[in-house]
Peer 1: 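Here's a structure for you.
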Amino acid sequence: MIRLAIRASAEDAEPVLAALLELAPAGVEQVDGDGWVEFAIYGAPGELPSLPTGEATIGGVRVRVDGREVPDDWHERWKRFHRPVLVADRLHVRAPWEAPSRRPGVEEVVIDPGRAFGTGAHPTTRLCLELLLAVEPAGPVADLGCGSGVLAIAAAKLGFGPVWAFDHDPAAVEATERNAAANGVTLARVERLDLRAERPPRAPVVVANLMRSLLLEVAARMEERPATLVVSGLLDHEADEVAAAFAPLAERDRRSAEGWSALLLTRP
């Protein structure tokens, strides 16, 4: 098994990720460092994208490519990468192999990331969950870009309903359906949706953990602003631009962690 790592500066990560997802539509692992982001693809020799090691250009960005053989215990190392997260002492998001929280009143959200997705440990997901906890749990909610289903499943457990989950990646749709069933929650809709070509669905509450460029496209295509919108996937310096794109929604809260930002926007 080979781990093909592609490292770029944090500011250039967005076009690199978009280009890599065309080469590896099943998804990539993401590791954030001080001023850099590393994307990794796993596979046997011959299965991985043909990229030269050393300096290369991906998505118009100069990156560093490194391919290394993964140790025999990589399965266990991979599991240790997905650490549990306790959000505001109310949500405990963990992989199936991690122990439940012992804290009273904490809701468990169990996510099997498979090979392509995370379990909620990334700052953008944690920030979305923090902001979602600040919203009154009533009525429908739509999760745009559901990935492994963390936000949609958490919304259902918090009392929102019906809950709809959308993603362009068929692997994400399958992962969300599987994780929803494992958590004993019902999601009213789990469907493929290309947000670059189709209008986002209407819902009173919308959560969207997406890249800046895609959030700007969603803002342009959204026929009617939701009453409440939670957005993330943003580097800190991108937050003001995205907040303005969703006018006339007003910024009610902003959270930041490790260079990433999330916004809670509501109708004035």
Peer 1: Side chains of Leu187 and Thr176: closer than 4.5 Å at any heavy-atom pair?
Peer 2: yes
Peer 1: With clusters defined by side-chain heavy atoms of hydrophobic residues (ILVMFWY) lying less than 4.5 Å apart, directly or transitively, does Leu133 cluster with Leu263?
Peer 2: no
Peer 1: Do Glu238 and Glu14 have side chains that get closer than 4.5 Å, going by heavy atoms?
Peer 2: yes
Peer 1: In Å and rounded to the nearest 0.5 Å, what is the SG to CG distance from Cys128 to Leu151?
Peer 2: 5.0 Å
Peer 1: Apply side chain to side chain contact (heavy atoms under 4.5 Å, CB included) to Leu51 and Ile58, showing your working.
Peer 2: CA-CA 9 Å; Leu51 296 174; Ile58 299 177; 3.9 Å; yes
Peer 1: In the structure I gave you, are the side-chain heavy atoms of Leu265 and Arg252 within less than 4.5 Å of one another anywhere?
Peer 2: no
Peer 1: Measure the CG-CD distance between Leu216 and Glu241 for me, rounded to the nearest 0.5 Å.
Peer 2: 5.0 Å
Peer 1: Counting N and O atoms only, with roles assigned by atom type, does the side chain of Asn183 sit under 3.5 Å from a partner on the main chain of Val110, one being a donor and the other an acceptor?
Peer 2: yes
Peer 1: Do the side chains of Ile153 and Ile111 get nearer than 4.5 Å, heavy atoms only?
Peer 2: yes
Peer 1: For the side chain of Asp169 and the backbone of Ala171, is there at least one donor-acceptor N/O pair under 3.5 Å apart?
Peer 2: yes
Peer 1: If you take all heavy atoms of Val185 and Ala156, which pair is closest and at what distance?
Peer 2: CB-CB, 4.0 Å
Peer 1: Around atom CZ of Arg90, are there more than 12 heavy atoms from other residues, nucleotides or ligands closer than 6.0 Å?
Peer 2: no
Peer 1: Between Val16 and Leu20, does the side chain to side chain contact (heavy atoms under 4.5 Å, CB included) criterion hold? Intermediate values first, please.
Peer 2: CA-CA 6 Å; Val16 173; Leu20 286 176; 3.9 Å; yes
Peer 1: Is the backbone N or O of Val173 less than 3.5 Å from a side-chain atom of Asp167, with the two atoms forming a donor-acceptor pair by type?
Peer 2: no
Peer 1: Can you find a heavy atom in the side chain of Leu210 that is under 4.5 Å from one in the side chain of Val218?
Peer 2: yes
Peer 1: Ignoring hydrogens, what is the shortest heavy-atom contact between Arg225 and Ala245? Give both atom names and the distance.
Peer 2: NH2-O, 3.0 Å
Peer 1: Check for a donor-acceptor pair, side chain of Asp12 on one end and backbone N or O of Ala8 on the other, with a separation under 3.5 Å.
Peer 2: no
Peer 1: Could you give the distance from CG (Leu132) to OG (Ser232), rounded to the nearest 0.5 Å?
Peer 2: 12.0 Å
Peer 1: Identify whether the distance between the nearest side-chain nitrogen and carboxylate oxygen of Asp240 and Arg254 falls below 4.0 Å.
Peer 2: yes
Peer 1: State, with a plain yes or no, whether a side-chain heavy atom of Leu214 is found less than 4.5 Å away from one of Arg196.
Peer 2: yes
Peer 1: Are any of the side-chain nitrogens in Arg103 or Asp89 under 4.0 Å away from the carboxylate oxygens of its partner?
Peer 2: yes
Peer 1: Report the distance from atom CZ of Phe39 to atom CD1 of Ile6, rounding to the nearest 0.5 Å.
Peer 2: 9.0 Å
Peer 1: Apply side chain to side chain contact (heavy atoms under 4.5 Å, CB included) to residues Val93 and Leu129 and explain how you reach the verdict.
Peer 2: CA-CA 10 Å; Val93 185; Leu129 290 170; 3.9 Å; yes
Peer 1: How long is the straight-line distance from CG of Asp66 back to CD of Glu38, given to the nearest 0.5 Å?
Peer 2: 7.5 Å
Peer 1: Hey, is Arg126 close enough to Glu130 for a salt bridge, meaning N to O under 4.0 Å?
Peer 2: no
Peer 1: So which atom in Asn179 and which in Ser148 form the shortest heavy-atom distance, rounded to 0.1 Å?
Peer 2: ND2-O, 2.9 Å
Peer 1: Is it possible for you to say whether Leu195 and Val190 belong to one hydrophobic cluster, with membership spreading through side-chain heavy-atom contacts below 4.5 Å?
Peer 2: no
Peer 1: Same cluster or not: are Val141 and Val150 linked, directly or through other Ile, Leu, Val, Met, Phe, Trp or Tyr residues, by side-chain heavy atoms under 4.5 angstrom apart?
Peer 2: yes
Peer 1: Please answer: with hydrophobic residues joined when any side-chain heavy atoms are less than 4.5 Å apart, are Val109 and Val135 in the same cluster?
Peer 2: yes
Peer 1: Hey, which of Glu98, Arg102, Glu108 is the one that makes side-chain hydrogen bond (donor to acceptor under 3.5 Å, both in side chains) with His92?
Peer 2: Glu108
Peer 1: What is the distance from atom OG1 of Thr124 to atom CZ of Arg255, rounded to the nearest 0.5 Å?
Peer 2: 14.5 Å
Peer 1: Do you know which two heavy atoms are closest between Pro200 and Leu193, and how far apart they sit?
Peer 2: CA-CD2, 4.5 Å
Peer 1: Looking at Glu11, I want to see if its CD is surrounded by more than 12 non-hydrogen atoms of other residues, nucleotides or ligands under 6.0 Å.
Peer 2: no
Peer 1: Where do Leu91 and Ala154 come nearest, in terms of heavy atoms and distance?
Peer 2: CD1-CB, 4.2 Å
Peer 1: State, with a plain yes or no, whether a side-chain heavy atom of Leu264 is found less than 4.5 Å away from one of Thr228.
Peer 2: yes
Peer 1: Decide salt bridge (Lys or Arg N to Asp or Glu O under 4.0 Å) for Glu224 and Arg267; before the verdict, give the C-alpha distance in whole Å, the side-chain angles of both, and the deciding distance to 0.1 Å.
Peer 2: CA-CA 11 Å; Glu224 180 181 330; Arg267 290 178 184 166; 3.5 Å; yes
Peer 1: Is Asp32 close to Trp260 at the side-chain level, that is, under 4.5 Å between some pair of heavy atoms?
Peer 2: yes
Peer 1: When clusters are formed by joining ILVMFWY residues with side-chain heavy atoms under 4.5 Å apart, either directly or through shared neighbours, do Val63 and Leu235 land in the same one?
Peer 2: no
Peer 1: On a heavy-atom basis, which atom in Pro15 and which in Val61 lie closest, and how many Å separate them?
Peer 2: CG-CG2, 3.8 Å
Peer 1: Charged N to carboxylate O below 4.0 Å: is that the case for Asp194 and Arg192?
Peer 2: no
Peer 1: Using side chain to side chain contact (heavy atoms under 4.5 Å, CB included), reason through Arg199 and Met222 one step at a time and then give a plain yes or no.
Peer 2: CA-CA 6 Å; Arg199 294 189 185 280; Met222 188 176 276; over 6 Å; no
Peer 1: Would you find more than 12 non-hydrogen atoms of other residues, nucleotides or ligands less than 6.0 Å from Arg62 atom CZ?
Peer 2: yes
Peer 1: Is it the case that the side chain of Asp143 and the backbone of Phe166 share a donor-acceptor pair, with hydrogens and angles ignored and the cut-off at 3.5 Å?
Peer 2: no
Peer 1: Could you go step by step and tell me if Asp236 and Ser256 meet the side chain to side chain donor-acceptor pair (under 3.5 Å) rule?
Peer 2: CA-CA 7 Å; Asp236 286 339; Ser256 179; 2.9 Å; yes
